[in-house]
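Here the structure is a predicted model, which is why all the values come from computation and not from measurement. Only heavy atoms go into these numbers, but all of them, side chains included; no hydrogens, no water, no symmetry mates.
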Amino acid sequence: MRATKTLGRFAASRRLFQMNPKDRRFFPESGFRFFDGPSDSLGGDAVPQQIQLTLTRQDEFIHKQKECNSITIRTAEGELGILAGHEYTIEQLSPGVLDVEIDNDTKERWAISGGFAHVNDNGVVDVNCVEAIPLEEVDLNKLAHAVEEAKSNLSSGDVMVRAEAEIALELFETLEASMKS
């Protein structure tokens with residue numbers, strides 16, 4: 001008895017399947033008239049020539065729709081290069097370096113502590129970070145000292161001190177390696 005009731009729920013699906021394929025229409029002609037898809041998703045005039053980058057640090061705009069050629073971000077899965085027309089994606093940023101190529105002669109590098117990148121296929125990229133510092137403002141000597149301090153705190157008996165040291169070490173070692181390359 002129960003099985004027949006369950007099958008009864010799918011009666012419309014069975015009837016649709018039994019229909020002649022020419023008569024089958026899953027969506028009415030005007031079913032998605034409210035949706036304007038991209039005019040050309042494979043290239044041509046619809047592909048933007050440059051990225052519109054919005055880079056924010058907490059509640060502060062660093063760049064607001066700044067035109068640039070490319071962006072390289074570091075995610076949990078590795079580095080991701082973004083050009084204009086990149087497919088839509090949202091990525092969690094790992095601590096490290098954010099590379100921005102404004103034009104062929106101008107490049108910016110930012111030390112970030114993590115965040116999110118929202119990449120739209122229309123050339124708009126929003127990067128939201130907790131902290132973003134120009135890489136040229138990072139002092140290598142202070143960074144090396146911070147790495148050593150974090151390594152020494154890893155052996156602490158206090159759980160909070162160890163946790164903070166692990167987080168600091170992940171960020172500082174990544175920055176140190178990026179600055180040397």
ask   = Is Ser94 reaching over with its side chain to a backbone N or O of Ala76, donor-acceptor style, under 3.5 angstrom?
value = yes
Check: Gly96 main-chain N/O paired with Arg74 side-chain donor or acceptor under 3.5 Å = no
ask   = Distance-only, no hydrogens or angles: does the Glu101 side chain make a donor-acceptor pair with backbone N or O of Asn69 under 3.5 Å?
value = no
ask   = Using links of under 4.5 Å between side-chain heavy atoms of ILVMFWY residues, direct or through other members, which residues join Leu53 in one cluster?
value = Ile51, Leu55, Ile62, Ile71, Ile73, Leu80, Ile82, Leu93, Leu98, Val100, Ile102, Trp110, Ile112, Val119, Val125, Val127
key: Candidate pair His63 and Gln52, rule side-chain contact (heavy atoms from CB on, under 4.5 Å), full reasoning   = CA-CA 9 Å; His63 291 306; Gln52 299 290 320; over 6 Å; no
inquiry  = Testing the 3.5 Å rule here: is there a donor-acceptor pair between the side chains of Ser156 and Asn153?
reply    = no
ask   = Can you tell me if NE2 on His145 sees more than 12 non-hydrogen neighbours from other groups inside 6.0 Å?
value = no
Residues Glu91 and Thr89: side-chain donor-acceptor under 3.5 angstrom = yes
task = Would you sort out whether Thr56 and Asp126 count as a side-chain contact (heavy atoms from CB on, under 4.5 Å), showing the intermediate values?
result = CA-CA 8 Å; Thr56 59; Asp126 298 320; over 6 Å; no
query = Is the backbone of Asn122 close enough, under 3.5 Å, to the side chain of Asn120 for a donor and an acceptor to pair up by distance?
reply = no
ask   = Okay, side chain of Ser152, backbone of Glu149: is any donor-acceptor separation there less than 3.5 Å?
value = yes
task = I would like to know whether Arg57 and Glu131 meet side-chain contact (heavy atoms from CB on, under 4.5 Å); could you show each step before the answer?
result = CA-CA 6 Å; Arg57 170 179 48 209; Glu131 286 297 330; 4.0 Å; yes
